[in-house]
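Working notes, beginning with the structure itself.
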Number of protein chains: 2
Amino acid sequence: MSAKPPLPHQPVRGSATGRPIMALLDLLGRRWSLRVLWELQGGPLTFRALQTACDGVSPTVLQQRLKELRAARLVIHDGGRGYALTEAARRLQPNLMALQGWAEDWARETPGGSEEQE
Amino acid sequence: MSAKPPLPHQPVRGSATGRPIMALLDLLGRRWSLRVLWELQGGPLTFRALQTACDGVSPTVLQQRLKELRAARLVIHDGGRGYALTEAARRLQPNLMALQGWAEDWARETPGGSEEQE
DNA sequence: TAGTTTGCTACTGAATTCATAGCATAGCAG
DNA sequence: CTGCTATGCTATGAATTCAGTAGCAAACTA
């Protein structure tokens with residue numbers, strides 16, 4: 001039913017080598033993966049709170065992503081507090097924060113606010 | 001036909017705020033986006049070379065991603081040498097390299113090689 | 001002229017994602 | 001106990017995206 005979650009040491013979609021970076025690229029390159037990690041940075045969230053934080057993702061996909069992220073040991077589910085980042089995911093946090101800094105510079109030099117695309 | 005590419009200052013899929021980080025998360029959260037940036041790190045590649053580097057992505061999707069990445073000013077197409085990262089994308093490079101380092105640590109502490117998932 | 005490579009598009013089917021509704025469980029007030 | 005609320009999660013069908021194959025026009029080689 002569900003595609004197996006991407007893990008290091010295993011072939012993933014788009015790369016049969018099993019290189020960890022490829023598994024990570026596959027994992028993070030799925031819809032809402034990055035966003036979930038981003039929203040979880042502030043602390044644990046319940047399933048519904050997380051869903052709200054992600055602008056109402058469909059529970060189907062959120063459930064799928066959480067399943068994958070849990071398999072990858074990036075997220076754990078603490079019955080009491082909800083979903084939280086693991087120690088490993090927390091080491092990824094600085095990189096995500098760096099992404100934000102980058103994005104702001106990027107926004108400054110990228111048209112798109114006033115221009116219309118299409 | 002094609003969805004408009006995510007850009008900063010504009011609402012994107014999953015976030016209407018226009019925050020740059022959300023546009024970036026949407027852009028990078030599409031299949032092959034991160035991979036394309038990754039493969040382009042070594043230098044310019046022609047469309048077909050890039051396609052090969054990405055384990056034979058379908059040209060349809062590659063074309064779509066390149067279109068988006070060009071709209072976002074992360075990739076440019078130099079007729080002679082092929083597709084290349086822009087100055088802005090090159091500033092993103094250290095973060096991607098950091099991801100690789102992280103992925104290797106992650107692999108060390110994540111089962112998946114010998115275990116079977118499902 | 002033929003042969004190759006380039007970027008790119010058409011077409012069809014498979015996979016993923018979306019949106020809505022709903023379920024079972026648990027806590028808590030009355 | 002009953003009624004209310006919140007939790008995590010699942011079912012369904014439709015929409016969107018992606019995949020896989022084939023093929024095109026232009027540029028370059030010889």
Side-chain angles (χ1 to χ4, degrees), chain A residues 1-6 11-16 22-23 25-36 39-40 43-72 75-85 118, chain B residues 1-6 11-16 22 25-36 39-40 43-72 75-85 117-118:
Chain A
M1 185 61 61
S2 59
K4 56 184 60 173
V12 296
R13 288 191 302 189
S15 177
M22 291 305 163
L25 258 34
D26 183 15
L27 180 64
L28 299 184
R30 298 182 180 197
R31 196 140 199 66
W32 299 108
S33 286
L34 280 167
R35 180 69 177 274
V36 164
E39 299 295 345
L40 245 30
L45 290 176
T46 65
F47 185 91
R48 304 238 156 145
L50 186 54
Q51 191 183 1
T52 301
C54 292
D55 288 84
V57 219
S58 31
T60 320
V61 185
L62 183 55
Q63 190 60 30
Q64 181 73 31
R65 286 302 95 84
L66 286 172
K67 188 175 170 185
E68 293 158 5
L69 291 170
R70 275 191 287 181
V75 166
I76 50 173
H77 185 218
D78 178 334
R81 277 157 296 183
Y83 290 92
L85 297 181
E118 188 53 32
Chain B
M1 183 56 65
S2 58
K4 56 184 61 171
V12 297
R13 289 192 302 188
S15 177
M22 292 305 164
L25 259 32
D26 182 15
L27 180 63
L28 298 185
R30 298 183 180 195
R31 172 140 294 117
W32 299 108
S33 285
L34 281 167
R35 180 69 178 273
V36 164
E39 299 295 344
L40 245 31
L45 290 175
T46 65
F47 185 91
R48 304 238 155 145
L50 186 53
Q51 190 181 4
T52 301
C54 292
D55 290 84
V57 219
S58 30
T60 319
V61 185
L62 182 55
Q63 190 60 30
Q64 182 71 33
R65 285 303 96 83
L66 285 172
K67 189 175 170 185
E68 293 159 6
L69 291 171
R70 275 190 288 181
V75 166
I76 50 172
H77 185 218
D78 178 334
R81 277 158 296 184
Y83 290 91
L85 298 181
Q117 292 303 121
E118 184 52 33

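Each chain gets a letter, A, B and so on, in the order the sequences are listed, and its residues count up from 1.
Atom CG in B:Leu62 sits about 16 Å away from atom P in D:dT21, given to the nearest Å. A:Arg48 has its CZ atom 14 Å from the P atom of C:dG22, to the nearest Å. A:Ile76 has its CD1 atom 14 Å from the P atom of D:dG8, to the nearest Å. Rounded to an integer number of Å, the gap from B:Gln64 CD to D:dT17 C1' is 9 Å. Atom CZ of B:Phe47 is separated from atom P of D:dA27 by 18 Å (rounded to the nearest Å). What separates CG of A:Leu45 from C1' of D:dA6 is a distance of 15 Å, to the nearest Å. The CD-P distance, from B:Gln63 to D:dC18, rounds to 14 Å in whole Å. Look at NZ on B:Lys67: it is 16 Å from C1' on D:dC18, rounded to the nearest Å.
With distances taken from any side-chain atom of A:Arg70 to the nucleotides C:dC8, C:dC18, D:dC9, the minimum falls on D:dC9. Comparing C:dC8, D:dA19, D:dC9 by their nearest atom to the side chain of B:Pro59 picks out C:dC8. For A:Val57, the listed nucleotide lying nearest its side chain is C:dC18; candidates were C:dA21, C:dC18, C:dT9. Residue B:Thr60 places its side chain closer to C:dA10 than to any other of D:dC18, D:dT10, C:dA10.
For the pair A:Pro5/A:Lys67, no side-chain contact is recorded, criterion being any heavy-atom separation below 4.5 Å from C-beta on.
Remark: the backbone N or O of B:Arg35 is not paired with any side-chain donor or acceptor of B:Arg65 at under 3.5 angstrom. Remark: side-chain polar atoms of B:Arg13 are not paired, donor with acceptor, to backbone N or O of B:Pro6 under 3.5 angstrom. A donor-acceptor pair is defined here as one N or O able to donate and one able to accept, closer than 3.5 Å; no such pair exists between the side chain of B:Ser33 and the backbone of B:Gly29.
Using a 4.0 Å heavy-atom criterion, one finds that A:Arg81 contacts no nucleic acid atom at all. Base engagement by A:Ser58 is indicated by at least one non-hydrogen atom pair under 4.0 Å involving a base atom.
For the pair B:Arg30 and D:dC18, the criterion of a side-chain N or O lying under 4.0 Å from OP1 or OP2 is not met. Applying the 4.0 Å criterion to OP1 and OP2 of C:dC18, one finds that A:Arg31 has a side-chain N or O inside that range. Distances shown here put a side-chain N or O of A:Arg65 below 4.0 Å from the OP1 or OP2 atom of C:dT17. Within the structure, every side-chain polar atom (N or O) of B:Trp32 is placed at least 4.0 Å from both OP1 and OP2 of D:dT17.
If you take CH2 on A:Trp32 and CG on A:Leu66, they are separated by 12.5 Å, rounding to the nearest 0.5 Å.
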